[in-house]
**Student:** 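Encoded as structure tokens, here's the structure I'll be asking about.
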Amino acid sequence: MTTKKVTGSQAVILSLLEEGVDTIFGYPGGAIMPIYDALYDFDKHVSHILTRHEQGAVHAAEGYARVTGKAGVCFATSGPGATNLITGIADAMIDSTPLVCITGQVASPLLGTDAFQESDVVGISMPVTKWNYQITVPEEIPEVIAQAFYIAQSGRPGPVLIDITKDAQFGELEFKYEKCKKIRSYVPEFPVDPFKVKEAADLINTSKKPLLLFGQGVIIGNAENELKEFIEKTGIPAAWTLLGLSALPSDHELNVGMLGMHGNYGPNLLTNQADLIIAVGMRFDDRVTGKVSEYAKQAKIVHLEIDPAEINKIKFADVAVLGNAKKSLRMLIDNVKDNSHKAWVNEFKKCDKIENDKIIKKELFPKKPGLTMGEVIRIAGDKTNHEAILVSDVGQHQMVASRYFKFRRSKSNVTSGGLGTMGFGLPASLGAQIGAPDRTVIVVIGDGGFQMTIQELGTIAQNKLPVKIVVLNNNFLGMVRQWQQLFFDKRYSFTELQNPDFITIAKGFGIDGHRVEVREDLEKGVSKMINHHGPYLLEIVVEKEDNVFPMVPTGASVSDVILEP
């Protein structure tokens with residue numbers, strides 16, 4: 001292998017190019033300036049997106065990663081630049097999003113001296129990264145970056161962080177690059193045990209009321225086709241977690257809806273009637289299980305999972321099948337019998353009718369004067385023929401969007417799941433648009449979360465990204481207000497917002513937009529947004545006290561799901 005002499009900062013960029021990186025999100029500063037100087041010479045080979053805040057950079061990298069399946073890359077300088085990445089890194093960790101975050105650091109002789117803009121980002125980020133490492137000599141750069149990409153993208157994906165001192169960036173090395181294919185003691189994926197598959201198949205073949213729950217592990221493992229083939233062969237109804245959404249087309253006859261706190265009535269109620277739960281690439285999060293001691297205690301559990309740490313962590317698995325979901329499902333398909341569970345599936349349809357009559361009709365086709373979040377989402381989905389990528393922030397609108405947007409294609413739902421990060425939506429949408437330039441990207445944001453990262457309108461405008469931004473404005477922190485209404489005697493403590501003129505702010509950034517307040521203008525307004533060339537902000541004033549139902553109260557069993565207040 002030929003080598004050439006380069007600086008450490010040049011080695012960083014060359015290493016990223018070897019990994020096929022085409023986009024970097026970041027914000028420059030003193031300690032990472034040598035890397036940015038090297039980047040100046042590679043602008044024809046890799047794009048750099050200058051966000052308006054480091055948190056925007058890491059969320060944008062998450063959005064890019066979620067729609068492409070590749071590791072998102074972001075840069076930040078030392079001290080506050082590095083610490084501003086932490087929220088997004090923690091978000092990526094809990095949601096299994098592959099990231100490679102590179103931070104500059106003060107020169108190695110200054111480490112530990114409280115130098116200007118020094119922070120122990122390795123120590124700070126250790127609990128929320130899959131792996132992190134500090135480089136103090138330039139010779140380590142190629143090997144460490146190769147390991148970083150391998151760790152971030154293999155097995156259960158996650159974020160890694162590399163902290164590079166300034167003297168390592170200035171130093172020289174003989175550059176050669178070899179992609180990492182193996183790390184001693186790191187086992188990203190276990191081989192699927194055929195005996196465990198046989199045990200699982202035996203339970204599946206003899207069950208009368210099986211229910212499959214699928215999460216993001218299906219999408220990460222590219223197992224969408226296997227999931228569909230498995231449920232069609234066995235006739236088993238399938239329900240999805242928030243991050244599993246879009247792995248199975250919304251209109252599939254065996255797709256019975258969303259699990260969890262604001263999930264559909266049938267999957268929640270009937271979980272505690274199933275005799276077998278087949279969990280695929282999901283981790284029994286508390287928002288799915290409700291009161292764990294009452295969750296599916298009558299059912300046997302088969303858990304298909306790539307991460308051994310998730311097995312038996314929340315729910316005991318009668319049969320645990322470790323390994324990649326694609327391989328596990330393929331082996332299961334070969335071992336299960338053709339079957340049909342029409343009577344059992346019909347129970348979900350009965351629940352659907354109840355939920356439709358009590359909730360969905362009123363949300364999607366309201367007769368009251370005020371606009372509902374549900375009708376906005378319905379129209380936006382219909383106008384894009386259910387082919388768009390939906391990015392959502394966190395709150396009531398996130399739950400409504402997830403329930404009603406509908407999907408035909410995988411990797412079409414981008415949201416913050418486990419960490420529930422307000423401010424995620426806008427920067428994630430610009431990353432998603434860059435990752436999928438030929439697709440329509442709609443981001444749905446509440447008025448609270450929008451103001452947390454509103455400055456990223458500047459990034460969208462500068463890069464001429466045609467993101468369609470829907471701000472649902474109820475002048476409240478809606479989800480917190482809902483809880484205050486239902487569980488705190490309507491004591492609305494510090495949840496009402498005095499909002500700015502969002503349209504004027506958007507136009508200040510050079511982004512067109514308008515405000516909708518009445519139903520007569522809604523459909524035309526959504527069409528205008530979608531057909532607009534370039535970015536567009538549509539602010540829609542929705543009812544102040546519009547709540548999201550169904551709802552499983554905190555600490556309650558999923559079968560105690562509330563349909564109405």
Side-chain angles (χ1 to χ4, degrees), residues 53 55-56 59 87-88 90-91 94-95 242 260-263 286-287 359 363 366 368 370-377 390-405 414-429 442-457 469-506 513 515-517 537-555 562 565:
H53 192 282
Q55 185 177 346
H59 288 326
T87 295
D91 189 275
I94 200 167
D95 283 353
L242 180 62
M261 179 171 280
H262 293 289
D286 62 290
R287 281 296 196 261
I359 297 170
E363 273 291 308
K368 54 188 176 182
L371 295 173
T372 67
M373 293 177 282
E375 65 181 316
V376 176
I377 300 302
L390 170 71
V391 183
S392 56
D393 207 79
V394 172
Q396 286 182 314
H397 67 278
Q398 176 190 34
M399 297 295 100
V400 172
S402 300
R403 284 171 54 81
Y404 298 129
F405 194 75
V414 179
T415 195
S416 171
L419 199 63
T421 306
M422 289 179 68
F424 171 90
L426 190 62
S429 72
I442 297 179
V443 57
V444 180
I445 319 176
D447 46 326
F450 186 44
Q451 292 177 79
M452 288 190 171
T453 50
I454 194 170
Q455 69 275 5
E456 299 308 332
L457 288 173
I469 306 158
V470 178
V471 176
L472 299 179
N473 186 355
N474 58 9
N475 290 101
F476 265 114
L477 300 177
M479 187 62 84
V480 183
R481 185 213 54 75
Q482 176 169 337
W483 281 47
Q484 288 174 336
Q485 177 185 341
L486 298 177
F487 308 118
F488 291 88
D489 299 322
K490 295 188 177 181
R491 290 161 58 89
Y492 297 142
S493 180
F494 302 102
T495 47
E496 190 163 8
L497 296 169
Q498 179 179 318
N499 288 326
D501 184 337
F502 293 128
I503 303 303
T504 297
I505 290 173
R515 176 180 168 109
V516 169
E517 299 184 51
L537 190 149
L538 180 64
E539 178 190 358
I540 301 175
V541 179
V542 295
E543 285 202 338
K544 278 194 171 188
E545 297 195 1
D546 193 12
N547 290 332
V548 185
F549 287 98
M551 182 177 186
V552 179
T554 301
I562 300 170

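In this chain, residues are counted from 1 in sequence order. The figures that follow rest on heavy atoms only: side chains count, while hydrogens, waters and symmetry mates do not.
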**Student:** Only counting residues at least two apart or in another chain, list the ones meeting salt bridge (Lys or Arg N to Asp or Glu O under 4.0 Å) with Glu496.
**Tutor:** Lys544
**Student:** In sequence, state the C-alpha distance, the side-chain angles, and the governing distance for Thr554 and Trp483, and then conclude on side-chain contact (heavy atoms from CB on, under 4.5 Å).
**Tutor:** CA-CA 10 Å; Thr554 301; Trp483 281 47; 2.7 Å; yes
**Student:** With the side chain counted from C-beta on, respond yes when Asn473 and Phe450 share a heavy-atom pair under 4.5 Å apart, and no when they do not.
**Tutor:** no
**Student:** I want to check something: taking the side chain as every heavy atom from C-beta on, are Glu456 and His59 in contact at a cut-off of under 4.5 Å?
**Tutor:** no
**Student:** With rounding to the nearest 0.5 angstrom, report the CE to CG distance, Met399 to Asn547.
**Tutor:** 14.0 Å
**Student:** Quick check for you: to the nearest 0.5 Å, what is the distance between Leu472 atom CG and Met373 atom CE?
**Tutor:** 7.0 Å
**Student:** Could you name each residue pair satisfying salt bridge (Lys or Arg N to Asp or Glu O under 4.0 Å) that touches residues 391-405, not counting sequence neighbours?
**Tutor:** Glu355-Arg403
**Student:** Could you list the donor-acceptor pairs under 3.5 angstrom formed between side-chain atoms of residues 422-429 and any protein atom two or more places apart in sequence or on another chain?
**Tutor:**
residue	atom	partner	partner atom	Å
Ser429	OG	Leu426	O	2.6

**Student:** Measure the CD-CD distance between Gln485 and Glu545 for me, rounded to the nearest 0.5 Å.
**Tutor:** 5.0 Å
**Student:** Assess whether side-chain contact (heavy atoms from CB on, under 4.5 Å) is satisfied between Ile469 and Leu457, documenting all intermediate values.
**Tutor:** CA-CA 10 Å; Ile469 306 158; Leu457 288 173; 3.6 Å; yes
**Student:** Name all residues meeting the salt bridge (Lys or Arg N to Asp or Glu O under 4.0 Å) criterion together with Arg481; count only those two or more places apart in sequence or in a different chain, and write none if there are none.
**Tutor:** none
**Student:** Pick from Glu375, Glu363, Glu543: which one makes a salt bridge (charged side-chain N to carboxylate O under 4.0 Å, His left out) with Lys368?
**Tutor:** Glu543
**Student:** Quick one: CD1 on Ile442 to CD1 on Ile377, what's the gap to the nearest 0.5 Å?
**Tutor:** 8.5 Å
**Student:** Give a yes or no on whether the backbone of Val542 and the side-chain of Asn474 come within a donor-acceptor separation of less than 3.5 Å.
**Tutor:** no
**Student:** Mind listing the closest non-hydrogen atom pair of Ser402 and Leu242 along with its distance?
**Tutor:** OG-CD1, 3.1 Å
**Student:** Where do Phe476 and Gln482 land on the side-chain contact (heavy atoms from CB on, under 4.5 Å) test, with the steps shown first?
**Tutor:** CA-CA 10 Å; Phe476 265 114; Gln482 176 169 337; over 6 Å; no
**Student:** Shortest non-hydrogen contact from Gln451 to Pro500?
**Tutor:** OE1-CD, 3.4 Å
**Student:** Going by the side-chain contact (heavy atoms from CB on, under 4.5 Å) test, name the single residue among Thr453, Thr87, Thr415 that passes it with Thr421.
**Tutor:** Thr87
**Student:** Just to verify, what does Glu539 make a salt bridge (Lys or Arg N to Asp or Glu O under 4.0 Å) with, not counting sequence neighbours?
**Tutor:** Arg515
**Student:** Find the distance between CE (Met452) and CD (Gln55) and round it off to the nearest 0.5 Å.
**Tutor:** 8.5 Å
**Student:** Under 3.5 Å, side-chain donor or acceptor atoms of residues 487-494 against the rest of the protein: list the pairs with distances, not counting sequence neighbours.
**Tutor:**
none

**Student:** For the side chain of His262 and the backbone of Phe549, is there at least one donor-acceptor N/O pair under 3.5 Å apart?
**Tutor:** no
**Student:** When you measure from the side chain of Gln398 to the backbone N and O of Ser416, does any donor-acceptor pair fall under 3.5 Å?
**Tutor:** yes
**Student:** Are Asp546 and Thr372 close enough that a side-chain donor and a side-chain acceptor fall under 3.5 Å?
**Tutor:** no
**Student:** If you take all heavy atoms of Pro553 and Ile562, which pair is closest and at what distance?
**Tutor:** CG-CD1, 3.4 Å
**Student:** Out of curiosity, Leu537 CG to Ile445 CD1, how far, rounded to the nearest 0.5 Å?
**Tutor:** 7.5 Å
**Student:** So does Leu419 get a backbone contact from the side chain of Asp91, meaning a donor-acceptor N/O pair under 3.5 Å?
**Tutor:** no
